[in-house]
Amino acid sequence: MSYDRSTVEAVIQHYFDAVYEGDVDKLGAIFHPSADLRSLEKGRLKVLAMPDWLDYFRKRPSAKAEGKPREDFIVTIDRSDQSTAFIKVRCQLPPLYFTDYLVAMKLSDGWKIVSKSYLYDLRG
């Protein structure tokens, strides 16, 4: 079965813009407040609550303000139904280059990212 990708793609483009611009308000608008971020740090699971991640973004200079290059793209979108999507994306905040796995759900107020797992490479 085929589903309209445009609404999910719009949320992901909003995500890319917010990350590059360091815009905490934009990030807060597309993530569900209960979302968390998960990664492996030195072989251990690290879980970061949404308020802590937004606070991190608030304190760091944006890639845009620093004139860093931007490269972000959707690798794949997997839709199981009209209200659930699993999205793999690539983006960068040099010297960090990320692969993000996002779970998005269509809630009463539109598509929201409800979970993010990620890994990154440190380059340069």
What side-chain hydrogen bond (donor to acceptor under 3.5 Å, both in side chains) pairs are there with at least one residue in residues 102-113, not counting sequence neighbours? Thr7-Trp111
Do [X] and [Y] belong to the same hydrophobic cluster, where Ile, Leu, Val, Met, Phe, Trp and Tyr are linked whenever their side-chain heavy atoms lie under 4.5 Å apart, directly or via other members?
{"X": "Ile87", "Y": "Val114", "result": "no"}
{"X": "Met50", "Y": "Leu102", "result": "yes"}
{"X": "Phe86", "Y": "Ile77", "result": "no"}

Please identify each residue that fulfils salt bridge (Lys or Arg N to Asp or Glu O under 4.0 Å) with Arg58, with sequence neighbours left out.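 Per chain and number, Arg58 pairs via salt bridge (Lys or Arg N to Asp or Glu O under 4.0 Å) with Asp55.
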Can you measure from [atom1] ([X]) to [atom2] ([Y]) and round to the nearest 0.5 angstrom?
{"X": "Lys46", "Y": "Leu37", "atom1": "NZ", "atom2": "CG", "result": "9.5 Å"}
{"X": "Leu45", "Y": "Leu40", "atom1": "CG", "atom2": "CG", "result": "6.5 Å"}
{"X": "Gln13", "Y": "Ile74", "atom1": "CD", "atom2": "CD1", "result": "7.5 Å"}
{"X": "Phe16", "Y": "Asp100", "atom1": "CZ", "atom2": "CG", "result": "8.0 Å"}
{"X": "Trp53", "Y": "Asp36", "atom1": "CH2", "atom2": "CG", "result": "11.5 Å"}
{"X": "Tyr15", "Y": "Lys116", "atom1": "OH", "atom2": "NZ", "result": "3.0 Å"}

Using distance only, find each side-chain donor-acceptor pair of residues 26-35 under 3.5 Å and give its atom names and separation, not counting sequence neighbours.
| residue | atom | partner | partner atom | Å |
| --- | --- | --- | --- | --- |
| Lys26 | NZ | Glu21 | OE1 | 2.8 |
| His32 | ND1 | Ser34 | N | 3.1 |
| His32 | ND1 | Ser34 | OG | 2.8 |

Given side chains that start at C-beta, do those of [X] and [Y] come closer than 4.5 Å, heavy atoms only?
{"X": "Asp17", "Y": "Arg70", "answer": "yes"}
{"X": "Lys68", "Y": "Leu93", "answer": "no"}
{"X": "Phe57", "Y": "Val19", "answer": "yes"}

How close do Asp72 and Cys91 get, heavy atom to heavy atom, and via which atoms? CB-CB, 3.7 Å
Are there over 12 heavy-atom neighbours, none belonging to Lys64, within less than 6.0 Å of that residue's NZ? no
When the side chains of residues 117-124 are checked against the rest of the protein, which donor-acceptor pairs come out under 3.5 Å, sequence neighbours left out?
| residue | atom | partner | partner atom | Å |
| --- | --- | --- | --- | --- |
| Tyr118 | OH | Ser39 | OG | 3.3 |
| Tyr120 | OH | Glu41 | OE1 | 3.4 |

Apart from Phe73 itself, members of its ILVMFWY cluster (side-chain separation under 4.5 Å) are Val75
Under the side-chain contact (heavy atoms from CB on, under 4.5 Å) rule, collect the residues that match up with Pro69, sequence neighbours excluded. Gln92, Pro94
